[in-house]
Structures are given as C-alpha cells and as structure tokens.
Amino acid sequence: MALATGAQAQAKKYTIALVPGLTTDAFYITMRKGAEAAAKAIGADLVFQGAPEFNPVQQAPVLDAVIARHPDAILIAPTDKTQLVQPLKKAADAGIPVVTVDTFIGTGDYQTGAGDADFPLSYVASDNLEGGRIAARALATAIGDKGKVYVSNVKPGVSTTDQREEGFKEEMKKHSGIQVLGTQFNDDDANKAASQLQSVYARNSDLAGVFGANLFSAIGAANGVQQAGQSGKVKVVAFDAPTTIVGNIKSGLIEAAIAQHPAEIGYYGVLTAYAHLTGQSVPTKIGTGFTVLNKANIDKPEDARFVYQN
Ligand code: T6T
C-alpha cells in the first residue's frame, strides 16, 4: 500500500449500476457483457440488478433498491416511457446521474429544459425507427411486395418497440400492394405471440408475413407459423437475434433477423457515465448499429458475432 503511486492512490473506483428491462433476456445479458468490458477497462465496478419481467411495476422497486445503494451512476432501460419518469426523478434528486440505455423516458430528447423527463444525461441505443423501416423493407422483399402482414408487438408505451412499429408502418406506406393488419400485443410473452399468430392466420389464410418487433414477439410469432404448418410460407422478419435464430434462419422459418448491438450499448453506456463522472461533457444521444442476419451471412463470423450471448 505504501508503495502505491500518487495517481493510483487518488484514482476513485466508481460503481455503476445497470438496470435492464428484465434479467433473463439475451439482449440485456449481452448488454451486460459490454458494460462489464467497459467497467473493467476503466477500473469500475458494475452492478447488474433487474426484475424478472419486462414491467414498470416490477422495475420501479428494483430501481428504488439501486438508488438506496447510491451508485455513482445509473444506466437503465426504462420499461415504460411515462411510468418510469417519477421513479427515475428520485435518482436525479439524490444526485445520481442517469443514462438511459436501449429505451428512453419522455420523448428521448434530454437536457432540453422541456417537459419533466429531460433530466437523464444521455440516451444510448439503436435507431429503432430506422430498425422498423429496415424490417419493413426485408419483409416486403420476402413476400414479393404484396399481401397481408401484421406486427407482433409487446405493448404500447415502450419507446423502442413503439418506434419500430412506427418505422415499419411508415415504410410500408410506400408499398401499395401490402396490407398491414392490426397489431397484436403479447405483453413480452412468446406463447401469447404464437397463439395470436395462429388466430390471425385462421382469419386470414392468405397471410403473407409477420414482423416480430422484439425477441419474444419474433420467436413467438415464428413458433406460431411453425405450429400452423406454414414454415417458409408465412414469412417472418425478426427484431433481435437470440442463439435460436441461427437454426431458424437456416431452416427458413425466419427470413431475416435485425440484430441490435447490445454489447455496444452497454459499453458506451458505461463510458458515457464515466466521462461525465470525470468531468467531460457527453453527447445527449449515442446511436449504435444493426446487423441484418439472413441465410447469406449467418455462417460468416463477422456477422454471426452479433448473435446474442446467453
Ligand atoms: O428488443 C429488445 C429491447 O431493445 C427492447 O427494448 C425490449 O425487448 C428486447 O429486450 C428483446 O426482448
């Protein structure tokens, strides 16, 4: 100890908390890996604490417990645009800087002085509007630019999946031969998404395709297509890329998967908090990338590395 140099003795070890949307989702598990890599690089401790379901009622008490530990910064994927505003205000009031990762609160425009939800420092995430447009283009191509499709989605109020649906519908307006049926909301339950697919198919035997707007919506919709005996006939475009996607793309059950880069979100989330804590100014928005996975590239290591980790 006595031999420690001045710099080592002075360096503060920061504790950064990451509160995911839920703990058992490969997307957030992969985000955690990126956050841990960044924490290691800067010599910080990373605390990962979340709820077992994607739900503001479960997330708010977890957040309270995290605030009580008073970390140096909180990274959080808020599970609702409005319902997490007040719970997060408590962190800001306690002097803990907040960065939202993946999802946002309010409008996602921070540090503007407008509204009551602009207090987070920064929003680090995929461009979900563009992701929805990418999904629409992939599905339009897969179905030969005609037929009925629908969006399998989580629930209204989630910033990411709301924007994906918006981007998807906006893009589909350019495709006059495609009819977008009503959205089916599954509450992040893949079993519900599977049975909804079967009901929609029962009412529309000419269903051409479905866009699963997140991991559970997509896997559930794909399972529904398989259970209906329509694999490869009703085309599935998935948002997110859990390990099961590899086999599903190879078998033709899933046409394409839009892989987000969650490790990148976690890495830059931690670096953003660290930059702020050490006196640097930070951008209020940081956009991370996508990799579209399909039969053509699923065996290429440079693309397949974006399949999520377990
Ligand atoms: O799609 C991701 C995430 O971006 C979204 O906010 C919630 O669902 C996932 O975690 C996938 O399950």
Side-chain angles (χ1 to χ4, degrees), residues 12 14-21 27-28 30-50 56 59-60 62-63 66-67 69-131 158-164 260-290:
K12 175 169 160 51
Y14 291 109
T15 299
I16 298 173
L18 170 58
V19 180
F27 172 83
Y28 295 113
T30 309
M31 184 190 289
R32 177 187 187 171
K33 301 240 161 114
E36 275 167 350
K40 195 167 167 219
I42 59 168
D45 283 330
L46 185 88
V47 173
F48 182 79
Q49 205 170 329
Q59 192 180 36
V62 172
L63 175 60
V66 168
I67 295 170
R69 292 169 69 166
H70 211 93
D72 294 295
I74 293 178
L75 311 184
I76 182 168
T79 47
D80 189 277
K81 280 186 276 206
T82 48
Q83 292 188 59
L84 262 296
V85 173
Q86 284 317 313
L88 273 172
K89 194 110 199 22
K90 289 189 242 168
D93 290 347
I96 306 171
V98 174
V99 171
T100 75
V101 285
D102 175 45
T103 43
F104 60 72
I105 52 170
T107 60
D109 295 323
Y110 298 154
Q111 304 292 318
T112 59
D116 62 352
D118 78 313
F119 57 86
L121 287 177
S122 188
Y123 172 50
V124 185
S126 309
D127 179 342
N128 288 289
L129 271 171
E130 185 58 27
V158 181
S159 71
T160 46
T161 48
D162 282 357
Q163 287 192 325
R164 289 170 202 164
Q260 303 186 73
H261 294 178
E264 209 172 294
I265 299 175
Y267 195 93
Y268 283 91
V270 166
L271 290 191
T272 302
Y274 181 71
H276 172 76
L277 291 168
T278 53
Q280 305 296 318
S281 61
V282 298
T284 53
K285 279 201 178 97
I286 297 177
T288 55
F290 293 118

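Note that the structure is a prediction, hence the values are computed from the model and not measured. Just so you know, these numbers use all the heavy atoms, side chains as well, and skip hydrogens, waters and symmetry mates.
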Open item on the list: Under 3.5 Å, is there a donor on one side chain and an acceptor on the other for Asp72 and Tyr274?
Closed with: no
Task: Asp102 side chain to Ala125 backbone, donor-acceptor under 3.5 Å - done: no
Task: Neighbour count above 12 (heavy atom, 6.0 Å) for Tyr28 OH - done: yes
- [ ] Please name the pair of heavy atoms, one in Ile96 and one in Pro71, separated by the smallest distance, quoted to 0.1 Å.
- [x] CG2-O, 3.6 Å
- [ ] Compare every heavy atom of Val85 with every heavy atom of Asp116, then report the nearest pair and how far apart it is.
- [x] O-CG1, 3.6 Å
- [ ] Hey, could you give me the CD/CE distance between Gln260 and Met31, rounded to the nearest 0.5 Å?
- [x] 8.0 Å
Open item on the list: To the nearest 0.5 Å, what is the distance between CZ on Phe104 and OG on Ser122?
Closed with: 13.5 Å
Task: Electrostatic pair Lys40-Glu36, nearest N-O below 4.0 angstrom - done: no
- [ ] Please check if any side-chain donor atom of Asp162 sits under 3.5 Å from a side-chain acceptor atom of Thr160, or the reverse.
- [x] no
TODO: Measure from NZ or CZ of Lys89 to the centre of the six-membered ring of Phe119, then state whether that distance is under 6.0 Å and the direction lies within 45° of the axis.
DONE: yes
- [ ] Please answer whether the main-chain N or O of Leu63 pairs with a side-chain N or O of Gln49 as donor and acceptor at a distance below 3.5 Å.
- [x] no
Task: Side-chain donor-acceptor pair present, Tyr110, Thr100, cut-off under 3.5 Å - done: yes
Open item on the list: Please report the interatomic distance CG(Leu277) to OG1(Thr272), rounded to the nearest 0.5 Å.
Closed with: 10.5 Å
